[in-house]
Amino acid sequence: MIMKRNILTLALCLAAMCLSAQEASVTSPDGKLKVTISNDRHAACYEVSYDGKTVVEPSALGLKTNIGDFTEQLTMGSTHEKIVENDYEMDRVKASRIHYRANRLDVDFTNAEGLCMTVVFQVSNDNVAFCYRLPRPEKNNPKCAIIYKEATAFRLPAVTKTFLSPQINPMTGWERTKPSYEEDYEVEQPMERKSKFGEGYTFPCLFKIPGEGKANGAAHWLLISETGVSSRYCASHLSDYKQGQGYTIAFPMAGENNGFGSEFAAISLPGETPWRTITVGSTLAPIVETTIAYDVVEPLYAPSKKYEGGRYTWSWLIWQDNSINYDDQVKFIDLASQMGIEYCLVDNWWDAQIGRKRMAELSRYAQSKGVRLMLWYNSNGFANDAPQTPRDCMNTAIAREREMSWLRSIGVVGIKVDFFGSDKQETMRLYEDILSDANRFGLQVVFHGCTIPRGWERMYPNYVSSEAALASENVMFDERHARAEGFELTMHPFCRNALGAFDWGGVIMNRHMSPDNRSRHQRFTGDVFEMATGITNQTLIQCIAMQPNNLEELPQFELDFIRELPTQWDETRFIDGYPSRYVVLARRHGNQWYVAGLNGTDQPLTLTLKLPMLAGQTVSLYTDQPKRKGEEIGPSTMKQLKIGKNGTARLTIQPMGGIILK
């Protein structure tokens, strides 16, 4: 009888051990965020809770590869825990000194063939990051693998609302240049709503889980994206929502890049995937302030020199292609010099309309005025039909060597490369090759017509920013977009700009979208709204889309503010806001705080702002005023404001208007 009891006890213990081996969990340092990994019916899955509330329901994990299937018939094996701690400095993102602390859990899974896959989770306060690692199998000893598909899914509660931008079909749009991450956002939609083009949604993806019991109760916010994408993997996006499955990781479409290159990913073994990231908060502060895109990646090379931030003038936005001539560029160089602006960007067709010999002369002239040039390039190649030149200068190593050597010889310090239109690994390789080669020649790089950055500010020290949104050129092209500027620029701090530097393309100070500042459609935002975007839009080198005529038209206090506008920030704090409606951010440069607010709606907005960093101080308040009868845009004013000792200020932001406190 005793022996039978011992056998029964041993069996129960073994069963308990087996059960426990099928589930493991890891929490954030503050204990609020918890990830549970399990093996449900021999398929790996995870779920996420925040303050005890489920924010990601049990969701699939796994990979399908040419060396084995890691999506089913899995056995959960050993787990390994450790603390990850990293302090690092950045000069080109929302904070200059970052302390990252996370709890890490590695979970091993074995498939039916005995091959191993490890899922790595790092959970910091408000952030989950996870990736897959494949060792080199002993069986047949393959040295590489093709990843055909990720099973990775994100099942969110049924009540979740979405704030998303759709992925568009390949080789569509103007001159077959898409997808280029330039589609309209749709906000507060149910998950069941299909994406506009049937191809899912571009990262980053913002979600709101409404509070229980009342429509405007406490909500949870999630921002889902990826980071660490380099030449060693493709970029991805989210699929459409599927009932019971959620959103899944979607690889590039086969037709991207004119059909050239695989839509799959190829890795060496042992190897790993990029990180999938989930930022979670009961307010929007963790979404706006997150640094997760940089926390889990490392620099891939050292900078060849110290790269400087600053601002640039840009004739093309308002004066367009005809302005790319020597005399007009001199006007914008002179404008930059008078305003203390560090750079001038010369856009497309400069090789044809100015010529290389005169471009060298123009660069010398700019340097004599204390200004350095940045030049535009077409990334093509063969990826699409965009005709602008210079072409075929950035798409091969030999061409880049010749071109970048010439750029350095004439004193050019940066390039803007346009028209990519793909997330394939082949295109990721092109981005990386351009950045790496540019670093050897001391050139900083801005990308347009492109994908979002994925940790690139830290990975590539000469990377500046990307467009990857419906940017300022659309305000110029179309009155509909001009009217929607408030919607767009109160969306991006919570989504596009939250996870990567954003070249919106201009603090637009002309009141009409024309060189004469009288014809064509008007700008629908106030002057202070535009000035405030220089703070709410974060990038190392900020476009100041002034025109020479603005020197005589703008109030002196506006000119003085633009002259002093910093672009490098030591700290960022979310103050108030709601995606696509309004936003108030505070950013610190040295000891100086700048608070900027935008109202993207057509109604005045009165807010009581909590500003502890300005408590008891007298600050300069810049604000747009109500429009008077017959005015297209209301006047702007600057006055002194005493902030209460408790750090609160009650302010009204006019429709499509802005505020700045400094």
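What you see below is based on every heavy atom in this structure, not just the backbone, and it leaves out hydrogens, waters and symmetry mates. Note that the structure is a prediction, hence the values are computed from the model and not measured.
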TODO: Would you check, one step at a time, whether the test side chain to side chain donor-acceptor pair (under 3.5 Å) holds for Q73 with N111?
DONE: CA-CA 6 Å; Q73 298 302 309; N111 71 3; over 6 Å; no
TODO: Take T533 and I535 through the test side chain to side chain contact (heavy atoms under 4.5 Å, CB included) and record every step on the way to the result.
DONE: CA-CA 5 Å; T533 67; I535 300 167; over 6 Å; no
TODO: Just do the side chain to side chain donor-acceptor pair (under 3.5 Å) check on S38 and D40 with the steps written out, would you?
DONE: CA-CA 6 Å; S38 59; D40 182 20; over 6 Å; no
- [ ] Any chance you could lay out the side chain to side chain contact (heavy atoms under 4.5 Å, CB included) test for V35 and F130, step after step, and finish with the verdict?
- [x] CA-CA 10 Å; V35 179; F130 62 98; over 6 Å; no
- [ ] Starting from the C-alpha separation in whole Å, work towards a yes-or-no answer on side chain to side chain donor-acceptor pair (under 3.5 Å) for Y50 and D126.
- [x] CA-CA 8 Å; Y50 187 85; D126 305 315; 3.1 Å; yes
Open item on the list: side chain to side chain donor-acceptor pair (under 3.5 Å) for D423 and T451? Distances and angles first, verdict last.
Closed with: CA-CA 7 Å; D423 279 337; T451 195; 2.8 Å; yes
TODO: Starting from the C-alpha separation in whole Å, work towards a yes-or-no answer on side chain to side chain contact (heavy atoms under 4.5 Å, CB included) for E272 and R232.
DONE: CA-CA 9 Å; E272 64 182 43; R232 295 178 293 178; over 6 Å; no
- [ ] For V595 and I660, run side chain to side chain contact (heavy atoms under 4.5 Å, CB included): C-alpha distance rounded to whole Å, both residues' side-chain angles, the deciding distance at 0.1 Å, then the answer.
- [x] CA-CA 5 Å; V595 178; I660 300 169; over 6 Å; no
Open item on the list: Walk me through whether F154 and Y241 qualify under ring pair (Phe, Tyr, Trp, His ring centres under 6.0 Å).
Closed with: CA-CA 9 Å; F154 304 87; Y241 174 84; over 10 Å; no
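The main-chain N or O of A471 is found under 3.5 Å from a side-chain atom of N474 such that the two form a donor-acceptor pair. Listed for the S465 side chain is no donor-acceptor partner under 3.5 Å among the backbone atoms of A501. No donor-acceptor pair under 3.5 Å is formed between the side chain of K610 and the backbone N or O of N646. Q542 places a side-chain N or O within 3.5 Å of a backbone atom of N537 that can act as its donor or acceptor partner. With W456 contributing its side chain and T227 its backbone, the two residues share no donor-acceptor pair below 3.5 Å. Using modelled atom types, no side-chain atom of T54 and backbone atom of V56 make a donor-acceptor pair closer than 3.5 Å. Of the possible polar contacts, one joining the S422 side chain to the K424 backbone as a donor-acceptor pair under 3.5 Å is found. The backbone N or O of A151 lies less than 3.5 Å from no partner atom in the side chain of T71, so there is not a single donor-acceptor pair. The closest donor-acceptor contact from the side chain of R458 to the backbone of Y294 lies under 3.5 Å. S472 contributes a side-chain N or O that, together with a main-chain N or O of W504, makes up a donor-acceptor pair within less than 3.5 Å.
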Output side-chain donor-acceptor pairs under 3.5 Å for residues 58-67, partner residues at least two apart or in another chain, one line each.
residue, atom, partner, partner atom, Å
S59, OG, E57, O, 2.5
S59, OG, R155, N, 2.9
T65, OG1, I67, N, 3.1
T65, OG1, G68, N, 3.0
T65, OG1, G68, O, 2.8
N66, OD1, I146, N, 2.7

Quick one: side chains of residues 159-168, donor-acceptor pairs under 3.5 Å with protein atoms, not counting sequence neighbours, listed by atom name and distance.
residue, atom, partner, partner atom, Å
T160, OG1, P157, O, 2.6
T162, OG1, Q189, O, 3.2
S165, OG, E183, O, 3.1

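Across all non-hydrogen atoms, the minimal contact from H492 to Y185 is CE1-CE1, 3.7 Å. Between T290 and T279, the shortest heavy-atom distance links the atoms OG1-OG1, 3.6 Å. Taking both residues in full, the closest heavy atoms of F487 and S580 are given as CE1-CB, 3.4 Å, listed atom of the first, atom of the second, then distance.
Partner of D87 under the side-chain hydrogen bond (donor to acceptor under 3.5 Å, both in side chains) criterion, out of R101, H99, R97: H99 alone. Among E289, R587, K94, the one residue that satisfies the side-chain hydrogen bond (donor to acceptor under 3.5 Å, both in side chains) test with T572 is R587.
Salt-bridge formation is detected for the pair D106/R104: a Lys NZ or Arg NE/NH1/NH2 atom is positioned less than 4.0 Å from an Asp or Glu carboxylate oxygen. One finds a salt bridge joining R581 and E188 here, because a Lys/Arg side-chain nitrogen approaches an Asp/Glu carboxylate oxygen to under 4.0 Å. A salt bridge links R454 to E226: at least one charged side-chain nitrogen sits closer than 4.0 Å to a carboxylate oxygen. With respect to the salt-bridge test (charged N to carboxylate O, under 4.0 angstrom), the residues E571 and R573 qualify.
Geometrically, R588 does not engage Y594 in a cation-pi contact, judged by NZ or CZ lying under 6.0 Å from the ring centre and within 45° of the ring axis.
A donor-acceptor contact closer than 3.5 angstrom is absent between the side chains of S236 and Y233. Judged by distance alone, the side chains of H589 and D570 never bring a donor and an acceptor atom under 3.5 Å apart. Side-chain contact, Y148 with E263: no donor N or O sits under 3.5 Å from an acceptor N or O.
Listed by chain and residue number, R276 satisfy the salt bridge (charged side-chain N to carboxylate O under 4.0 Å, His left out) test with E150 (two or more places apart in sequence, or in another chain).
Classification of the W221-Y578 ring pair by plane angle, with boundaries at 30° and 60°, yields perpendicular.
Ring pair F447/Y181: centre-to-centre distance not below 6.0 Å. For an aromatic pair to be called close, the ring centres must be under 6.0 Å apart, and H237 with Y201 fails this.
Within 6.0 Å of NZ in K32 there are 12 or fewer heavy atoms belonging to other residues, nucleotides or ligands.
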